Amino acid sequence: MPANKKYLTQSPLQRFLKITAGFVGGFIITEAFHMILALWFDFGAIMFTIRYAGFMLWAALMIVAFLAKSGWKIWGIYLSITLILSVIIYFSSNINSL
């Protein structure tokens, strides 16, 4: 059964923003999250976990990106999450190196 046209994104820019947010933004958040886990827990176990749990998290973030109304809003949310995770990585790596 085909999708109802009124529920599909009409703007090519919004469609492009959602696709890139899902692929690129979701991947960056997934990697940053697992980098935090690698700093706090056993590195080898986390590298094994990222194969499976990382893919599931990335797929979930892609679905969330496509469910959003605005591509700009989802990019803003994904970039702010990435910024927060990057700050946590920065301060955790400084604490661990002392």
Side-chain angles (χ1 to χ4, degrees):
M1 174 179 255
N4 194 343
K5 297 283 186 192
K6 69 180 181 181
Y7 296 115
L8 298 176
T9 304
Q10 300 297 325
S11 169
L13 177 64
Q14 287 296 319
R15 191 176 310 139
F16 175 76
L17 287 171
K18 287 180 184 182
I19 290 169
T20 56
F23 280 105
V24 177
F27 182 74
I28 292 171
I29 291 173
T30 301
E31 290 298 316
F33 178 71
H34 281 86
M35 285 175 67
I36 290 172
L37 292 179
L39 284 173
W40 292 344
F41 300 108
D42 181 34
F43 183 78
I46 297 301
M47 287 300 113
F48 185 74
T49 303
I50 196 171
R51 289 182 178 174
Y52 303 105
F55 179 75
M56 288 187 279
L57 178 61
W58 187 32
L61 290 169
M62 279 194 281
I63 291 170
V64 169
F66 287 113
L67 292 177
K69 292 280 186 189
S70 170
W72 294 109
K73 184 183 282 188
I74 198 68
W75 259 118
I77 292 170
Y78 280 7
L79 287 176
S80 61
I81 291 171
T82 303
L83 180 67
I84 291 168
L85 292 175
S86 299
V87 168
I88 293 171
I89 291 168
Y90 177 75
F91 286 117
S92 294
S93 63
N94 283 343
I95 291 171
N96 290 340
S97 65
L98 293 177

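Model, not experiment: these values are computed from the prediction. What you see below is based on every heavy atom in this structure, not just the backbone, and it leaves out hydrogens, waters and symmetry mates.
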K.L.:
Pairs under 3.5 angstrom only: tabulate donor-acceptor contacts from the side chains of residues 22-37 to other protein residues two or more places apart or in another chain.
P.N.:
| unit_1 | atom_1 | unit_2 | atom_2 | d |
| --- | --- | --- | --- | --- |
| Thr30 | OG1 | Gly26 | O | 2.7 |
| His34 | ND1 | Thr30 | O | 3.0 |

K.L.:
With Trp75, which residues qualify under side-chain hydrogen bond (donor to acceptor under 3.5 Å, both in side chains), at least two apart?
P.N.:
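Per chain and number, Trp75 pairs via side-chain hydrogen bond (donor to acceptor under 3.5 Å, both in side chains) with Thr20.
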K.L.:
Are any non-hydrogen side-chain atoms of Phe55 and Ile50 less than 4.5 angstrom apart?
P.N.:
no
K.L.:
Quick one: pull up CD1 in Ile81 and OH in Tyr78 and give me the separation to the nearest 0.5 Å.
P.N.:
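Going from CD1 on Ile81 over to OH on Tyr78, the span is 7.0 Å.
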K.L.:
What residues, two or more places apart in sequence or in another chain, satisfy side-chain hydrogen bond (donor to acceptor under 3.5 Å, both in side chains) together with Thr82?
P.N.:
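Residues passing side-chain hydrogen bond (donor to acceptor under 3.5 Å, both in side chains) with Thr82: none at all.
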K.L.:
Give me the atom names and distance for the closest heavy-atom approach of Lys69 to Gln14.
P.N.:
O-OE1, 4.3 Å
K.L.:
Linking I/L/V/M/F/W/Y whenever any side-chain heavy atoms sit under 4.5 Å apart, do Trp72 and Leu83 land together?
P.N.:
no
K.L.:
Using the rule that two of Ile, Leu, Val, Met, Phe, Trp, Tyr join whenever any of their side-chain heavy atoms come within less than 4.5 Å, decide whether Leu67 and Val64 are in one cluster.
P.N.:
no
K.L.:
Out of curiosity, Thr49 OG1 to Asp42 CG, how far, rounded to the nearest 0.5 Å?
P.N.:
9.0 Å
K.L.:
Specify the closest pair of heavy atoms between Lys18 and Ala68, including all atoms of both residues, with the distance to one decimal.
P.N.:
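Lys18 and Ala68 have their closest heavy atoms at NZ-O, 2.9 Å.
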K.L.:
Treating Ile, Leu, Val, Met, Phe, Trp and Tyr as nodes and any side-chain heavy-atom pair under 4.5 angstrom as an edge, say whether Trp58 and Phe66 lie in one connected cluster.
P.N.:
yes
K.L.:
Nearest 0.5 Å please: distance from the NZ atom of Lys73 over to the CG atom of Leu17.
P.N.:
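These two atoms lie 14.0 Å from each other.
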K.L.:
So Ile84 and Ile88, do their side chains get closer than 4.5 Å, heavy atoms only?
P.N.:
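They are in side-chain contact.
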K.L.:
Rounded to the nearest 0.5 Å, how far does CE of Met62 lie from CG of Leu57?
P.N.:
10.0 Å
K.L.:
In the structure I gave you, are the side-chain heavy atoms of Ile46 and Trp40 within less than 4.5 Å of one another anywhere?
P.N.:
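Counting from C-beta outward, Ile46 and Trp40 never come under 4.5 Å.
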